[in-house]
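Report on the following structure.
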Amino acid sequence: QKKVVESGGGLVQPGDSLRLSCTASGFFLDDYAVGWFRQAPGKEREVVSCISSSDDSTYHADSVKGRFTIFRDNARNTIYLRMNTLKPEDTGVYSCVARHKRLEHSLCVFDRYDTWGQGTQVTVSS
């Protein structure tokens, strides 16, 4: 059974760093495009960062550009999201999603038919 599991969330103070993990089982992530999304209380889910299946090109939302980095570790079958200089507005449930390369036509395009994780909570508060 294909699934992805997120980990690494927690309660941190503004300015701290976290590294989130998205680990796959049942398939190999190096054949997949992967995205990180987040949803804050009372708000719609938004895309944070994505990495392509073909050339590992990346996208980061303007709100996180320069602070967050998405990258692969194929040996661990994991995609990481390194988050630096965290702000209270980064609070939310962070979920990863994977789409096979044959279905990838544009970066950061995913839907409910792709493989989604359950999410990990990130809370940034003093």
Side-chain angles (χ1 to χ4, degrees):
Q1 180 182 1
K2 290 170 45 180
K3 67 176 183 178
V4 291
V5 178
E6 304 91 338
S7 61
L11 171 62
V12 297
Q13 294 188 339
D16 285 350
S17 297
L18 279 175
R19 189 184 71 175
L20 304 185
S21 301
C22 171
T23 301
S25 59
F27 67 104
F28 295 109
L29 272 176
D30 57 350
D31 288 332
Y32 284 72
V34 175
W36 280 99
F37 287 72
R38 69 185 179 192
Q39 186 165 22
K43 294 188 177 181
E44 291 191 356
R45 185 168 60 191
E46 62 176 352
V47 62
V48 176
S49 301
C50 306
I51 187 164
S52 169
S53 64
S54 57
D55 58 2
D56 281 355
S57 56
T58 60
Y59 165 86
H60 297 282
D62 287 343
S63 59
V64 307
K65 202 169 292 184
R67 299 187 298 121
F68 289 14
T69 304
I70 185 172
F71 59 99
R72 295 182 183 272
D73 185 340
N74 290 334
R76 290 179 169 80
N77 208 21
T78 297
I79 300 291
Y80 295 102
L81 183 67
R82 178 68 180 175
M83 307 188 296
N84 294 329
T85 319
L86 283 160
K87 304 176 181 180
E89 52 263 43
D90 293 319
T91 294
V93 176
Y94 284 68
S95 302
C96 68
V97 56
R99 170 176 282 202
H100 193 270
K101 60 186 178 183
R102 71 177 182 273
L103 299 175
E104 183 190 10
H105 304 295
S106 299
L107 194 58
C108 285
V109 175
F110 301 94
D111 60 33
R112 61 190 177 98
Y113 299 105
D114 295 311
T115 303
W116 289 84
Q118 292 298 308
T120 184
Q121 177 70 45
V122 172
T123 303
V124 185
S125 175
S126 55

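When reading the values below, keep in mind they use all heavy atoms of this one structure, side chains included, and skip hydrogens, waters and symmetry mates. All of these numbers come straight from a predicted model, not from anything done at the bench.
The hydrophobic cluster containing Leu81 also contains Val12, counting ILVMFWY residues as joined when their side-chain heavy atoms lie under 4.5 angstrom apart, directly or transitively. Residue Val122 is not grouped with residue Val97 when hydrophobic side chains (ILVMFWY) are merged at heavy-atom distances under 4.5 angstrom, including chains of intermediate members.
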Open item on the list: If you apply the rule side-chain contact (heavy atoms from CB on, under 4.5 Å), what do you find for Trp36 with Ile79, and how did you get there?
Closed with: CA-CA 9 Å; Trp36 280 99; Ile79 300 291; 3.9 Å; yes

Task: Residues Ser54, Ser52; criterion side-chain hydrogen bond (donor to acceptor under 3.5 Å, both in side chains); working and verdict - done: CA-CA 6 Å; Ser54 57; Ser52 169; 2.9 Å; yes

Open item on the list: Quick one, Ser95 with Val93, criterion side-chain contact (heavy atoms from CB on, under 4.5 Å). Give me CA distance, side-chain angles, the key distance, then yes/no.
Closed with: CA-CA 6 Å; Ser95 302; Val93 176; 4.3 Å; yes

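Taking 4.5 Å as the limit, some side-chain heavy atom of Arg82 sits within range of a side-chain heavy atom of Phe71. In this structure, the side chains of Met83 and Val48 stay at 4.5 Å or more apart for every pair of heavy atoms. At a threshold of 4.5 Å between non-hydrogen side-chain atoms, the residues Thr91 and Gln121 count as touching. Counting heavy atoms from C-beta outward, Phe68 and Leu86 have side chains that approach closer than 4.5 Å. Val47 is listed as a side-chain neighbour of Tyr59, based on a closest heavy-atom distance under 4.5 Å. Counting heavy atoms from C-beta on, the side chains of Phe110 and Phe37 come closer than 4.5 Å. Between Val64 and Arg38, some side-chain heavy-atom pair lies under the 4.5 Å cut-off.
Heavy-atom contacts from other residues, nucleotides or ligands closer than 6.0 Å to NZ of Lys2 number more than 12. Counting non-hydrogen atoms of neighbouring residues, nucleotides and ligands closer than 6.0 angstrom, the CD atom of Gln118 reaches no more than 12 such neighbours.
Heavy atoms only, all atoms of each residue included: Asp73 and Tyr80 are closest at CB-CE1, 3.5 Å. The two residues Ile70 and Cys50 have their closest heavy-atom pair at CG2-O, 3.6 Å. For the pair Thr120 and Gly8, the tightest heavy-atom approach, listed with the atom from each and the gap, is OG1-N, 4.2 Å. What you find for Leu107 and Ile51 is that their closest heavy atoms are CD1-C, 3.9 Å. Here the closest non-hydrogen pair linking Leu29 and Cys22 is CD1-O, 3.6 Å. Taking both residues in full, the closest heavy atoms of Arg102 and His105 are given as O-CE1, 4.1 Å, listed atom of the first, atom of the second, then distance.
Here the straight-line distance linking atom CG of Asp90 with atom OG of Ser63 works out to 7.0 Å at 0.5 Å rounding. Taken from CD in Gln1 to CZ in Phe27, the straight-line distance is 11.0 Å, to the nearest 0.5 Å. Note that OG1 of Thr115 and CZ of Arg99 are 10.5 Å apart. Values are rounded to the nearest 0.5 Å.
Within the structure, salt bridge (charged side-chain N to carboxylate O under 4.0 Å, His left out) contacts touching residues 13-35 (residues at least two apart or in different chains) are Asp31-Lys101.
Between the side chains of Ser21 and Thr23, no donor-acceptor pair of N or O atoms lies under 3.5 Å.
Side chain of Glu6 to backbone of Leu20: no donor-acceptor contact under 3.5 angstrom is found. Of the possible donor and acceptor atoms, one in the side chain of Arg67 sits under 3.5 Å from a partner among the backbone N and O of Thr85. In terms of modelled atom types and a separation under 3.5 Å, the side chain of Asn84 and the main chain of Gly66 share no donor-acceptor contact.
Of the charged side-chain nitrogens involved, at least one lies within less than 4.0 Å of a carboxylate oxygen, so that Asp62 and Lys65 count as a salt-bridged pair.
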